[in-house]
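These notes concern the structure reproduced below.
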There are 2 protein chains.
Amino acid sequence: MNFQQLRIIRETVRRNFNLTEVGNALFTSQSGVSKHIKDLEEELGVELFVRKGKRLLGLTDPGKDLLVLVERMLHDAQNIKTLAEQYSQCDVGQLTVVTTHTQARYALPKVITEFKKSFPRVRLKLHQGGPQEIIDMLLGGEADIAIATEGLAEMPELALFPYYRWHHALVVPVGHPLLERTPLSLEAIADYPIITYHAGFTGRTRIDQAFADASLTPDVEMTALDADVIKTYVELGLGVGIMASMAFNPQRDEGLRLIDARHLFPENITSIGVRRGHYLRGYAYRFIELCADHLTEQVVRSASNPLGNQDAL
Amino acid sequence: MNFQQLRIIRETVRRNFNLTEVGNALFTSQSGVSKHIKDLEEELGVELFVRKGKRLLGLTDPGKDLLVLVERMLHDAQNIKTLAEQYSQCDVGQLTVVTTHTQARYALPKVITEFKKSFPRVRLKLHQGGPQEIIDMLLGGEADIAIATEGLAEMPELALFPYYRWHHALVVPVGHPLLERTPLSLEAIADYPIITYHAGFTGRTRIDQAFADASLTPDVEMTALDADVIKTYVELGLGVGIMASMAFNPQRDEGLRLIDARHLFPENITSIGVRRGHYLRGYAYRFIELCADHLTEQVVRSASNPLGNQDAL
DNA sequence: TATCCTTACGGAATTCGTAAGCATG
DNA sequence: CATGCTTACGAATTCCGTAAGGATA
């Protein structure tokens, strides 16, 4: 058993059991891939893949069990390398943060400016993605830190930390009748076409929930991934916008008005997530501390080690 | 990075940094060991060992951090092999149970008889050891299951399950004055020389605690590792015995009498322990089920997976 | 027929072990 | 001077990639 074999097993599953692709992905020959698989199966005395003739179709039961261990081992191998870099070049490296548009645009700029100043030699990769992509990148080890409001569900593989709380607000064009309706009600809003976030983005779930609880079926005219698009179409008069209040800028958004709506929609919590057992460089902890003072390295480490206890460092 | 290198790192620590011994232990040459260490350090760009001249003295800080990951990876490698055997030869294999004399002698015979009948092709190794040895064997992966009353402290690496409850009792020679003292009191017992278990064995802690709580200092004349020795000396008239009640056999122990003492000493709980993340063969779960009906495979698996949650199978 | 996997085989690279050299206590 | 680590170098082994062959859709 060697690491190349393990990498091949993992890659074979990822590439849908096409060994030719696996060979390309791992920069080796297809024949070698084939042989490695056979060797490993022989060594273990178990067939790992379901075959039909010469094609591979999927994992056998033992293969499925094995894959879990294989992935952990390869992840640990990565951790070892990261750990070594940590010591050899402690302020040089890379940090990948995956997040949504809303956070990237409105919450993170301050944090990132600060971080770049403190760690000029760390290459910060800010990757913008949807809920599924965020989770996949975290679990796949491609991203170190995730920041999102939705989608970061409680999973045993992830450790989540509340970052900040915020509310949705209404955005309307100057002079819109809703500006006169105080107090604002869900019923009043439901009379107009609504422009808001896509399902699964930036607290959209909470919005739907609020209307559903009030037995209202709002007319969602249009959905967008980000507040900038929402504002654009509200300004064009296509409807009223429901979006994160921090995305409104009184100076720049001259033609629009913000209406507080914290009494109508449940509070949203934007969380920071890391994968348990994923080795984080020192500066990754600094990044999290920059986001929220209370999320110290100790707090994050103890909550994110695989055993869920406090004996780490 | 390859497995041989990792094995060498681990073994180097275990063998107190004597590379010659490491070579012998891993059935390879000492020069190869030396080179592997150097290669790995070079690849990682970090010194893993503290050196004085040409001698290795200990781990550096990065070395310490690394060792944790290395051990998990090697453990996973072992798990993979065990897992494969599980499928290739599902009722053939080996099961190592480490336990104390008391359990081996009085609690387990029935379980083991039953187990051997169900799994004739599994080689059952029953290893008898003291508290420290039991823990070391579990953590080192040499034993699959531990059964003990003391010493199996709550550790994050271990999952513990209550097996059965029992009490200490008094054992005296026929015609001993304590047989007339009803109700029996700690004070009365403390008047006689006492023969009981070694510190740390078979609930000895509870016995000491009971006397201490009553502000008594008993005269512990002699200590033994097992009840058979205790009974022998009680029979010789050297003192009164305090031992596990299930170790008394009215037929065989003719010259002795048992006096119930459950009102004097706290209850003891004998536990079954497994190491989290240590892969157990199917028959290992059967063994535990034979001990206690309620400890089904599902119960044990969900409590002993490293994340401590219920999503395992 | 185009794609995909297996096997065979020669060359490349890695690993291993002996032996000699040097440091330590 | 006995023990222990490093380095050097040839031998053994393993790994890799090309190429040919057979199976599948």
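Order of the sequence lines sets the chain letters (A, B, ...), proteins ahead of strands, with each chain counted from 1. Quick note: numbers below take in every heavy atom, side chains included, and nothing from hydrogens, waters or symmetry partners.
Looking at B:Lys38 and B:Glu41, no side-chain N of the basic residue comes within less than 4.0 Å of a carboxylate O on the acidic one, giving no salt bridge.
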- Please lay out, stage by stage, how A:Glu150 and A:Thr205 fare under the test side chain to side chain donor-acceptor pair (under 3.5 Å). CA-CA 8 Å; A:Glu150 300 221 30; A:Thr205 313; 2.3 Å; yes
- Task: Report the C-alpha separation of A:Gln4 and A:Arg7 in whole Å, then their side-chain angles, then the decisive distance to 0.1 Å, and conclude whether the side chain to side chain donor-acceptor pair (under 3.5 Å) test is met.
- Result: CA-CA 5 Å; A:Gln4 182 71 338; A:Arg7 275 191 294 269; 3.0 Å; yes
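Between B:Lys35 and C:dG17 there is no side-chain polar atom (N or O) within less than 4.0 angstrom of OP1 or OP2. Listed pair B:Ser34 / D:dC5 fails the phosphate criterion, with no side-chain N or O lying under 4.0 Å from OP1 or OP2. Dashed line: the shortest gap from a side-chain N or O of A:Thr28 to OP1 or OP2 of D:dC15 is not under 4.0 Å. In this structure, B:His36 reaches the C:dC16 phosphate: one of its side-chain N or O atoms is under 4.0 Å from OP1 or OP2.
Atoms CD (A:Glu42) and P (D:dC15) sit 13 Å apart, rounded to a whole Å. Rounded to an integer number of Å, the gap from A:Leu56 CG to D:dA23 P is 16 Å. Regarding B:Asn24, its CG atom lies at a distance of 12 Å from the C1' atom of D:dG4, rounded to whole Å. Atom NZ in B:Lys52 sits roughly 16 Å away from atom P in D:dT6 (whole-Å rounding). Protein atom CG of B:Asp39 is 16 Å distant from nucleotide atom P of C:dA13, rounded to whole Å. Atom CG in A:Leu26 sits roughly 15 Å away from atom C1' in D:dG17 (whole-Å rounding). Between B:Arg51 atom CZ and C:dA23 atom P there is a gap of 16 Å when expressed in whole angstrom units. As rounded to whole Å, 17 Å separates atom C1' of C:dT6 from atom CG of A:Leu40.
Side-chain N or O atoms of A:Thr99 include one that pairs as donor or acceptor with a backbone N or O of A:Ile147 at under 3.5 Å. With hydrogens and angles disregarded, no donor-acceptor distance shorter than 3.5 Å links the side chain of B:Arg276 to the backbone of B:Glu157.
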Listing time: all N or O pairs from protein to nucleotides 19-21 of chain D that are below 3.5 Å?
from: D:dG21; atom 1: N2; to: A:Lys54; atom 2: NZ; distance (Å): 3.4

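In the set C:dC16, D:dA23, D:dT6, the nucleotide with an atom closest to the side chain of A:Arg55 is D:dA23. Closest contact between the side chain of B:Ser29 and the listed nucleotides C:dT6, C:dG17, D:dG17 involves C:dG17.
Applying a 4.0 Å cut-off to non-hydrogen atoms, the residues of residues 1-19 of chain A that approach DNA chain C are A:Phe17, A:Asn18, A:Leu19, listed by residue number.
Applying the 6.0 Å contact sphere to NZ of B:Lys116 captures more than 12 heavy atoms from other residues, nucleotides or ligands.
Put simply, the side chain of B:Val50 does not reach to within 4.5 Å of the side chain of B:Lys52, judged on heavy atoms. Side-chain contact between B:Val33 and B:Glu11 is absent, with no heavy-atom pair separated by less than 4.5 Å.
For the residue pair A:Tyr279 and A:Asn79, the shortest heavy atom distance occurs at N-OD1, 2.9 Å.
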